[in-house]
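Notes follow the structure.
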Amino acid sequence: MDIEQIINLLSKEVNTFQAPIKDFEKIQTKEPFKVLVATILSSRTKDEVTSQAAKRLFDRVKNPEDLEQLSVSEIEKLIYPVGFYRVKARNLARLPSALKEVGGKVPDTMEELLKLPGVGRKTANLVLSRAFGKPAICVDTHVHRLVNMWGFVHSKTPEQTEDALKKLLPLHLWSQVNPTLVAFGQKVCKPKSPRCTCCPLSSWCSSSTIDDPNSSF
DNA sequence: AAAACGGGGGC
DNA sequence: GCCCCAGTTTT
């Protein structure tokens, strides 16, 4: 199998994994501002927690002007308990002014997105894909770990993995890579306790273990 | 009880 | 490159 086949296969099965991932769709409005905020909240945070926090925040905040009215501590209370909620609250409080400096709207280029507080390469790629439908691949730790384990790339950094994957996959699959492999990495191919017994790739994967004490899929 | 975790930023 | 931010989940 090649990486293209795997993404195709897993993207179909991803919703059958135990405790299906909460669709980002539920908080996704395609409004770039909300997508940006929700994506910032989502780093190092599970979808369900992100989703709840985003709902609370969007109840009060529809646009940068609304956000500007809130204090850091108010934002903290609204977004708790996403990972690093204090850092994120500080960054969100700075977001309205940061947006003004890049033209007043949520930017649709990597270069401009990286100027925003709390937005690094991974978050920027997700925003490009989620908000603007641009081809982008977010290589987080799961994506990096899995594609290296499978041997499709041999890379040290996420950036190298991103470049390699872009050469291996057709454009239309780029947006599938992160959501598919993150869900797979969380629910099936977990770093310390892979559930190979219920993995659709077990007969192919050379890392597959024979015994799987945790299988109760 | 300790380590890891879907990342980013400051040094 | 190293270390911090933080609560939650996993080991």
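Bear in mind that the values here come from a model prediction, so they are computed numbers and not experimental data. In the text below, chain A, chain B and the rest are named by the order of the sequence lines, each starting its count at 1.
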Checklist entry - Considering only B/dG6, B/dA4, B/dG7, which nucleotide approaches the side chain of A/K192 most closely? => result B/dA4
Checklist entry - For residues 138-148 of chain A, which residues have at least one heavy atom under 4.0 Å from DNA chain B? => result A/D140, A/T141, A/H142
Item to check | Set of residues satisfying salt bridge (Lys or Arg N to Asp or Glu O under 4.0 Å) with respect to A/K115, sequence neighbours excluded | outcome: A/E112
Checklist entry - Does A/K62 pair with A/E31 as a salt bridge, N-O distance under 4.0 Å? => result no
Next on the checklist: Would the distance check show the side chain of A/K122 and the main-chain N or O of A/C138 forming a donor-acceptor pair, the cut-off being under 3.5 Å?
Outcome noted: no
Checklist entry - What is the distance, rounded to the nearest whole Å, between atom CG of A/N125 and atom P of B/dG6? => result 18 Å
Checklist entry - Are A/T45 and B/dG7 close enough that a side-chain N or O sits under 4.0 Å from OP1 or OP2? => result no
Checklist entry - Linking I/L/V/M/F/W/Y whenever their side-chain heavy atoms sit closer than 4.5 Å, directly or via other members, would A/I40 and A/V127 fall into one cluster? => result yes
Checklist outcome for this item: In whole angstroms, the gap separating P of B/dG7 from CG of A/D47 amounts to 12 Å
Checklist entry - Does B/dA1 pair with anything, Watson-Crick or G-U wobble, both distances under 3.5 Å, and if so, with which nucleotide? => result C/dT11
Next on the checklist: Any residue in residues 96-113 of chain A with a heavy atom nearer than 4.0 angstrom to DNA chain C? Just list them by number, or reply none.
Outcome noted: none
Checklist entry - If only atom types and distance count, is the side chain of A/K30 paired as donor or acceptor with the main-chain N or O of A/G133 below 3.5 Å? => result no
Next on the checklist: Can you check the distance between B/dG6 and C/dT11, where both ends of the measurement are the P atom (answer in whole Å)?
Outcome noted: 12 Å
Checklist entry - Are A/N125 and A/N178 close enough that some pair of their side-chain heavy atoms sits under 4.5 Å apart? => result no
Checklist entry - Charged N to carboxylate O below 4.0 Å: is that the case for A/E68 and A/K100? => result yes
Item to check | Student check: side-chain heavy atoms of A/T45 and A/Y85 closer than 4.5 Å | outcome: no
Checklist entry - With side chains defined as the heavy atoms from C-beta onward, is the minimum distance between A/V119 and A/L36 less than 4.5 Å? => result yes
Next on the checklist: Can a donor-acceptor pair be found, under 3.5 Å and without considering hydrogens, that links the side chain of A/R56 to the backbone of A/L78?
Outcome noted: yes
Next on the checklist: I need the CG-P distance between A/L126 and B/dG7, as an integer number of Å.
Outcome noted: 9 Å
Checklist entry - Taking atom C1' of B/dG6 as reference, at what distance in whole Å does atom NZ of A/K190 sit? => result 15 Å
Checklist entry - Does a side chain donor of either A/S155 or A/T161 reach within less than 3.5 Å of an acceptor in the other side chain? => result yes
Next on the checklist: Whole angstroms only, please: what is the CZ-P distance between A/R195 and C/dT10?
Outcome noted: 11 Å
Checklist entry - Quick one: does A/S11's side chain have a donor or acceptor within less than 3.5 Å of a partner on A/N8's backbone? => result yes
Checklist entry - Got A/K46 and A/Q186 here, is their nearest side-chain heavy-atom distance under 4.5 Å? => result yes
Checklist outcome for this item: Here the residues of residues 154-172 of chain A within 4.0 Å heavy-atom distance, strictly under, of DNA chain C are none
Scan nucleotides 9-11 of chain B against the protein and return all N/O pairs shorter than 3.5 Å with their distances rounded to 0.1 Å.
from	atom 1	to	atom 2	distance (Å)
B/dG9	OP1	A/G118	N	2.6
B/dG9	OP1	A/V119	N	3.4

Next on the checklist: With rounding to the closest Å, how many angstrom separate the P atoms on C/dA6 and B/dA1?
Outcome noted: 23 Å
Considering only nitrogen or oxygen atoms on both sides, find all protein atoms under 3.5 Å from nucleotides 5-7 of chain C and state each distance.
from	atom 1	to	atom 2	distance (Å)
C/dA6	OP1	A/R86	N	3.4
C/dA6	OP1	A/V87	N	2.9

Checklist entry - When the P atoms of B/dA4 and C/dC3 are considered, how many whole Å apart are they? => result 14 Å
Next on the checklist: Once you measure the plane-to-plane angle for A/F184 and A/W150, does it fall in the parallel (<30°), tilted (30-60°) or perpendicular (>60°) bin?
Outcome noted: tilted
Next on the checklist: If you define the side chain from C-beta out and look only at heavy atoms, does anything of A/V177 sit under 4.5 Å from A/V139?
Outcome noted: no
Checklist entry - Donor-acceptor pair, A/N91 side chain versus A/P117 backbone, under 3.5 Å? => result no
